[in-house]
Amino acid sequence: CSAQEQTLFRVKDSHESAMHVNEDTVSRRLGATNKTCLYFIIATLVVLLVFALATIMVLLIQRKAADPAMEGIAKPIRTGNASEDYLRILQNVPSKGATAYMRVSKSVNSSKLSLVEKGVCEDIQCNSEELVIRKQGIYLIYCHLNFHFPNCSNSPIDLKIEFLVNNEVNRQTLSTWCASEMCQEKTFKTFLQLHLTYLKAEDRISVTLSHPKFLNQASLPNENVLGVLRYSDEM
């Protein structure tokens, strides 16, 4: 080959070598750039994940602190049984003189409960089945009853309890008991009803049961009571 051809081959080889070097350099730079972007994206996602977890934890802590149900679990409000709690409520009611507290039992041929024993009867007339109001005002009527269902597992029982004023329904409660398959063969239940209403002089108060036969008079005869408190003399 002539000297000119050798020179041409050297230039060509040098150019090809330079191209290979440039391609390798560009590839390495692109690879480094891609790795940097990938690391940046991963770091950003990690920061966002940590921020999200921290936000969720703060919200859960605030919700737990502000949830009354959770506070009730951590610090139970009631320390005694239900009867004691209701008794404390009634003791704090500012009465206006008229008071009645009578033991009741089931009647023979009537759904009305009988007033069988005089406990307290002040400024109220206590008859055999009725309490007669002497002074008008706002009265708190309460009734505490105990029930015994000897064959609870057989079928559901709908029990209706009514407060009557002058033989007309003023307040009623309907509940279904013994409906659960896990109900025991013999079941005892306690009922308490509070009712605040305006009564006039000569109004007559009584209580009826849809199934008086279930009233428990054998085990807890003295715990079945009907009471009335005069709360206020104004409407």
Side-chain angles (χ1 to χ4, degrees), residues 81-150 157-177 187-235:
N81 56 40
S83 298
E84 293 175 350
D85 293 338
Y86 291 132
L87 180 60
R88 282 192 290 270
I89 293 174
L90 295 176
Q91 288 174 342
N92 292 327
V93 174
S95 64
K96 296 294 182 178
T99 305
Y101 186 84
M102 305 290 293
R103 185 167 73 87
V104 298
S105 68
K106 55 188 176 183
S107 302
V108 178
N109 296 318
S110 174
S111 61
K112 280 188 179 181
L113 296 181
S114 297
L115 307 181
V116 297
E117 183 177 329
K118 182 177 179 180
V120 176
C121 198
E122 298 179 1
D123 290 334
I124 293 178
Q125 182 179 342
C126 300
N127 298 333
S128 60
E129 291 184 344
E130 296 176 330
L131 299 176
V132 182
I133 301 301
R134 291 180 176 175
K135 297 179 181 180
Q136 67 179 13
I138 299 176
Y139 284 79
L140 175 66
I141 307 172
Y142 56 95
C143 187
H144 183 274
L145 304 174
N146 292 276
F147 297 97
H148 177 212
F149 302 94
I157 299 173
D158 294 328
L159 184 63
K160 182 166 64 174
I161 303 173
E162 296 178 332
F163 285 166
L164 304 182
V165 176
N166 301 325
N167 289 326
E168 295 183 357
V169 177
N170 193 262
R171 177 70 179 272
Q172 61 183 347
T173 301
L174 179 64
S175 58
T176 300
W177 288 338
T187 300
F188 295 88
K189 297 289 184 179
T190 298
F191 170 86
L192 177 68
Q193 180 69 60
L194 302 176
H195 182 43
L196 192 64
T197 186
Y198 178 78
L199 299 174
K200 298 178 295 183
E202 303 303 323
D203 280 347
R204 295 171 287 110
I205 302 170
S206 57
V207 180
T208 64
L209 296 178
S210 59
H211 299 286
K213 63 180 180 180
F214 294 119
L215 187 66
N216 185 10
Q217 298 182 157
S219 303
L220 300 169
N222 297 325
E223 299 301 320
N224 301 313
V225 296
L226 171 64
V228 174
L229 288 175
R230 189 164 181 259
Y231 180 76
S232 174
D233 55 2
E234 299 179 357
M235 181 63 176

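Starting from 1, each residue takes its place in the sequence as its number. Just so it is clear, the values below take in all heavy atoms, side chains as well, and ignore hydrogens, waters and symmetry mates.
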Worksheet item: With under 30° as parallel and over 60° as perpendicular, where do the rings of Phe149 and Trp177 fit, or are they tilted in between?
Response: perpendicular
Does the side chain of [X] reach to within under 4.5 Å of the side chain of [Y], using non-hydrogen atoms?
X: Glu130; Y: Asn167; result: yes
X: Phe191; Y: Leu159; result: no
X: Arg230; Y: Asp123; result: no
X: Cys126; Y: Leu131; result: yes
X: Ile161; Y: Gln193; result: no
X: Thr197; Y: Arg171; result: no

Nearest 0.5 Å, what's the [atom1]-[atom2] distance between [X] and [Y]?
X: Arg134; Y: Leu199; atom1: CZ; atom2: CG; answer: 15.0 Å
X: Asn166; Y: Lys200; atom1: CG; atom2: NZ; answer: 7.5 Å
X: Leu145; Y: Phe214; atom1: CG; atom2: CZ; answer: 14.5 Å
X: Leu194; Y: Leu140; atom1: CG; atom2: CG; answer: 6.0 Å
X: Ile124; Y: Tyr139; atom1: CD1; atom2: OH; answer: 5.5 Å
X: His211; Y: Asp158; atom1: NE2; atom2: CG; answer: 7.0 Å

Look only at the side chain of [X] and the backbone of [Y], and say whether a donor-acceptor pair between them is shorter than 3.5 Å.
X: Ser107; Y: Lys112; answer: yes
X: Asn224; Y: Asn216; answer: yes
X: Asn146; Y: Thr190; answer: no

Grab the two heavy atoms, one from [X] and one from [Y], that are nearest each other, plus how far apart they are.
X: Gln125; Y: Asn127; answer: NE2-OD1, 3.1 Å
X: Phe147; Y: Leu209; answer: CE2-CD1, 3.9 Å
X: Lys160; Y: Ser210; answer: N-OG, 2.8 Å
X: Leu196; Y: Tyr231; answer: CD1-CB, 4.2 Å

Practice prompt. Show the numbers, then the answer: is there a side chain to side chain contact (heavy atoms under 4.5 Å, CB included) between Phe163 and Val169?
Written response: CA-CA 6 Å; Phe163 285 166; Val169 177; over 6 Å; no
Worksheet entry | Polar contact flag, side-chain donor to acceptor under 3.5 angstrom, Ser114-Ser105 | no
Discussion item. Between Glu162 and Thr208, do the side chains contain a donor N or O and an acceptor N or O under 3.5 Å apart?
Written reply: yes
Worksheet entry | Name of the residue among Leu115, Leu113, Ile141 meeting side-chain contact (heavy atoms from CB on, under 4.5 Å) with Val207 | Leu113
